[in-house]
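Throughout, a chain's letter reflects where its sequence line sits, starting with A, and its residues are numbered from 1.
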There are 2 protein chains.
Amino acid sequence: MEKQTITIYDVAREAGVSMATVSRVVNGNPNVKPATRKKVLEVIDRLDYRPNAVARGLASKKTTTVGVIIPDVTNIYFSSLARGIDDVATMYKYNIILANSDENGQKEIQVLNTLLAKQVDGIIFMGNQVTDSLRHEFQRSKTPIVLAGSVDPKEEVGSVNIDYVAAIEEAVSTLIKHGNKKIAFVTGNLDDPINGMYRLKGYKQALNKANIDFDANLIFETEYSHKAGEAIWQKVKAAGATAAVVGDDELAIGLVNGATDDGAKLPNDFEVITSNDSKLTEIARPKLSSVTQPLYDIGAVAMRLLTKMMNKEEIDNETVLLPYGIVERGTTK
Amino acid sequence: MEKQTITIYDVAREAGVSMATVSRVVNGNPNVKPATRKKVLEVIDRLDYRPNAVARGLASKKTTTVGVIIPDVTNIYFSSLARGIDDVATMYKYNIILANSDENGQKEIQVLNTLLAKQVDGIIFMGNQVTDSLRHEFQRSKTPIVLAGSVDPKEEVGSVNIDYVAAIEEAVSTLIKHGNKKIAFVTGNLDDPINGMYRLKGYKQALNKANIDFDANLIFETEYSHKAGEAIWQKVKAAGATAAVVGDDELAIGLVNGATDDGAKLPNDFEVITSNDSKLTEIARPKLSSVTQPLYDIGAVAMRLLTKMMNKEEIDNETVLLPYGIVERGTTK
DNA sequence: AAAAGCTTTTAAAACGCTTGCATTTGTTTT
DNA sequence: AAAACAAATGCAAGCGTTTTAAAAGCTTTT
């Protein structure tokens with residue numbers, strides 16, 4: 001008893017029409033007499049027919065599937081975006097192939113290639129940098145791509161982000177306004193333009209406006225993890241910082257916990273503003289002050305943008321910036 | 001200038017062999033003379049040929065894609081499993097179609113159907129209950145399915161879990177040993193057999209062994225969120241509980257934060273043991289004592305089991321239980 | 001009632017690959 | 001050197017749809 005699949009051909013025979021007609025009713029093509037449609041629908045129902053999407057994909061050259069390259073699903077920042085992506089994908093009848101890349105350039109390229117082999121209709125990429133080899137692959141395939149919460153300085157591909165420069169400038173200015181002069185800049189990989197270019201730029205601009213000299217000793221590059229945050233506290237403290245802007249919530253909590261466990265009282269002894277406003281910020285104690293970002297929306301808008309590209313619709317702006325804000329919670333005075 | 005795809009046929013022509021031969025080298029079939037293989041490989045490289053997975057899928061009836069139904073990627077418990085799933089999927093050359101279900105029975109069925117339409121080779125299901133209609137769909141399709149961190153009391157489908165009964169019994173016994181008599185049982189939906197059957201059973205068994213009467217007022221059913229945890233603190237307190245076992249880490253942190261914000265000092269005024277040992281337990285302050293589960297491994301083993309099923313390999317045991325433990329951190333004396 | 005013009009329906013050719021079977025080529029045996 | 005066998009390759013029939021061009025049915029017009 002093998003997996004006995006029933007095909008469009010069976011339906012056609014049973015209904016006494018041609019495959020083409022069945023195909024039309026399945027696809028909602030209006031050129032079908034209501035009576036015929038009804039008859040076919042009945043047979044479909046009776047036979048419990050389910051169109052084979054693979055065959056459809058081959059014939060129509062559309063798979064209604066999009067690839068999503070994500071550094072790590074386990075990181076709440078990215079999983080929040082992913083949720084937004086999946087929801088609007090579903091809304092537009094697409095499915096998502098999710099692939100973790102660990103921000104490893106080689107894996108990214110490999111994954112990208114298998115996604116293209118699978119004929120995805122589009123791709124959403126999250127990751128730190130769009131390397132040249134990656135851009136090369138993007139170009140080669142004519143498949144639409146949009147970056148979500150990720151940036152391509154050359155702006156050659158669509159993307160959805162917030163204005164990281166302005167956001168961090170505002171965060172740092174807030175910290176300065178509170179009287180801090182030595183503010184640590186704690187982020188992940190500086191090769192990521194979000195960190196090494198935009199956020200850093202915002203940081204410098206804020207210092208500049210306040211006539212504070214830039215001090216390279218206050219720049220800390222580490223990984224996005226709680227442990228890394230705890231570990232870096234001693235260094236931050238040793239550098240004499242009285243506050244920090246941090247590029248990732250988990251990292252920020254690590255720093256806060258490192259400080260607290262070390263006897264510091266936040267926000268009086270030390271202030272922190274983090275960057276992602278994930279739900280972790282409300283979970284931590286004290287609650288984290290943060291740049292706010294519409295995480296879910298970044299994913300949702302990115303996917304929406306992608307649907308437009310896949311449909312070859314007119315697009316006014318391929319690089320969209322969503323609004324950000326600053327919330328002060330327990331880690332700022 | 002349309003997306004000009006080059007096919008196996010082009011390669012065959014250029015290399016002066018038949019499609020069959022090209023297919024063989026692409027698929028690593030050993031029946032090809034090394035010299036021919038080399039020649040074909042060169043052409044493939046030169047033409048930058050990339051086999052169309054959709055066509056392959058249609059011809060071979062294998063898509064090397066598995067469907068993953070997940071309640072919510074944003075929940076760290078599930079995303080940890082998902083990470084394990086994806087990693088071993090990649091290891092075995094599979095890709096993953098990820099679909100959020102919100103534990104909504106209707107969405108689950110719908111998603112399941114589109115996954116089957118896409119001809120996935122297998123399915124990993126995470127969700128609270130395997131309803132009859134779901135089981136019906138499982139049965140109907142001959143596609144292999146395994147549950148990860150989810151349970152089917154009827155044991156009709158493969159699954160990977162820990163022994164929830166024993167784990168919670170041990171957790172509660174620990175709390176009893178610490179002198180607690182009124183222990184709250186705080187979880188999500190009791191319709192989920194993990195909560196309503198297994199964990200609850202473990203809870204009752206522990207009470208029973210200690211000759212403590214079961215008190216229905218100490219059972220709290222809510223949703224898996226930080227907010228819900230904060231909210232339920234007052235009720236837990238009002239019920240006179242001096243400790244709690246909690247079914248989800250985010251929920252547990254909510255409860256802990258609710259207590260702490262209310263002036264309670266943990267663990268002396270109140271003890272908590274949570275269930276999932278996700279990274280949140282280390283992030284929270286005080287750190288959460290917890291039942292430990294190998295989250296990543298549950299996903300990984302589930303996927304490994306699925307590969308065996310897809311390969312029709314012999315399987316000794318379709319319902320596997322992984323080891324659990326108890327770690328006492330800051331929320332127990 | 002033939003001509004015109006629509007609306008429906010059908011036939012059959014793709015889509016790009018895998019695979020069973022037949023054929024060809026090459027190697028051993030006798 | 002013919003016979004037997006093994007290795008390598010080619011042929012062609014699928015796989016289950018979509019889609020285009022052509023055919024068939026109906027209505028209206030004249």
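Listed candidates were D:dG16, C:dT9, C:dT19. Nearest to the side chain of A:T36 is C:dT9. Among D:dT19, D:dG10, D:dC15, the nucleotide with an atom closest to any side-chain atom of B:S18 is D:dG10. Here the nucleotide nearest the side chain of B:L58, chosen from C:dC17, D:dT18, C:dG16, is C:dG16.
Among the protein residues, B:N31 comes within range of the nucleic acid bases, having at least one heavy atom under 4.0 Å from a base atom. When heavy atoms are screened at a 4.0 angstrom cut-off, A:V32 is found touching the sugar-phosphate backbone but no base atom. Nucleic acid contact for A:T7: sugar-phosphate only, since backbone atoms but no base atoms lie under 4.0 Å from a heavy atom of the residue. At the heavy-atom level, A:T21 lies under 4.0 Å from base atoms of the strands shown. Counting non-hydrogen atoms under 4.0 angstrom, B:V54 reaches nothing in the nucleic acid.
As rounded to whole Å, 12 Å separates atom C1' of C:dT7 from atom CG of A:N29. Between the C1' atom of D:dG10 and the CZ atom of B:R13 lies a distance of 17 Å, rounded to the nearest Å. A:K118 has its NZ atom 15 Å from the C1' atom of C:dC17, to the nearest Å. With rounding to whole Å, B:M19 atom CE is found 15 Å from C:dG20 atom P. Atom OH of A:Y9 and atom P of D:dT18 are 17 Å apart (whole Å). When the C1' atom of D:dT17 is taken as reference, atom CD1 of A:I44 falls 13 Å away, rounded to whole Å. In this structure, A:R56 places its CZ atom 17 Å from C1' of C:dA14, rounding to the nearest Å. In this structure, A:L116 places its CG atom 17 Å from C1' of C:dG16, rounding to the nearest Å.
A pairwise comparison of heavy atoms in B:I145 and B:F138 identifies CD1-CD2, 3.0 Å as the closest pair.
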- Message: Working note: A:I85 + A:M126, criterion side-chain contact (heavy atoms from CB on, under 4.5 Å); need CA distance, chi angles, decisive distance, verdict.
- Response: CA-CA 11 Å; A:I85 294 168; A:M126 300 180 262; 3.9 Å; yes
- Task: Start with the C-alpha distance between A:K308 and A:D316, add both sets of side-chain angles, then the distance that settles salt bridge (charged side-chain N to carboxylate O under 4.0 Å, His left out), and finish with yes or no.
- Result: CA-CA 11 Å; A:K308 285 184 187 162; A:D316 21 300; 5.3 Å; no
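For B:Y296 and B:D87, the side-chain atoms include at least one donor-acceptor pair closer than 3.5 Å.
Where A:A20 and B:K61 meet DNA chain D, the nucleotide closest to each residue was compared, and B:K61 sits on the side nearer the 5' end. Residue order along DNA chain D, read from the 5' end via each residue's closest nucleotide, puts B:R37 first among B:R37 and B:A59. Heavy-atom distances to DNA chain C give each of B:Y49 and B:R24 a nearest nucleotide, and the one nearer the 5′ end belongs to B:Y49.
With respect to the salt-bridge test (charged N to carboxylate O, under 4.0 angstrom), the residues B:E137 and B:R140 qualify.
By the neighbour-count criterion of 12 heavy atoms within 6.0 Å, atom CD of B:Q106 is sparsely surrounded, having that number or fewer from other residues, nucleotides or ligands.
Taking side-chain N and O atoms only, A:S60 has no distance below 4.0 Å to OP1 or OP2 of D:dT17. Phosphate contact (OP1/OP2 of C:dT18, side-chain N/O of B:N27, threshold under 4.0 Å): present.
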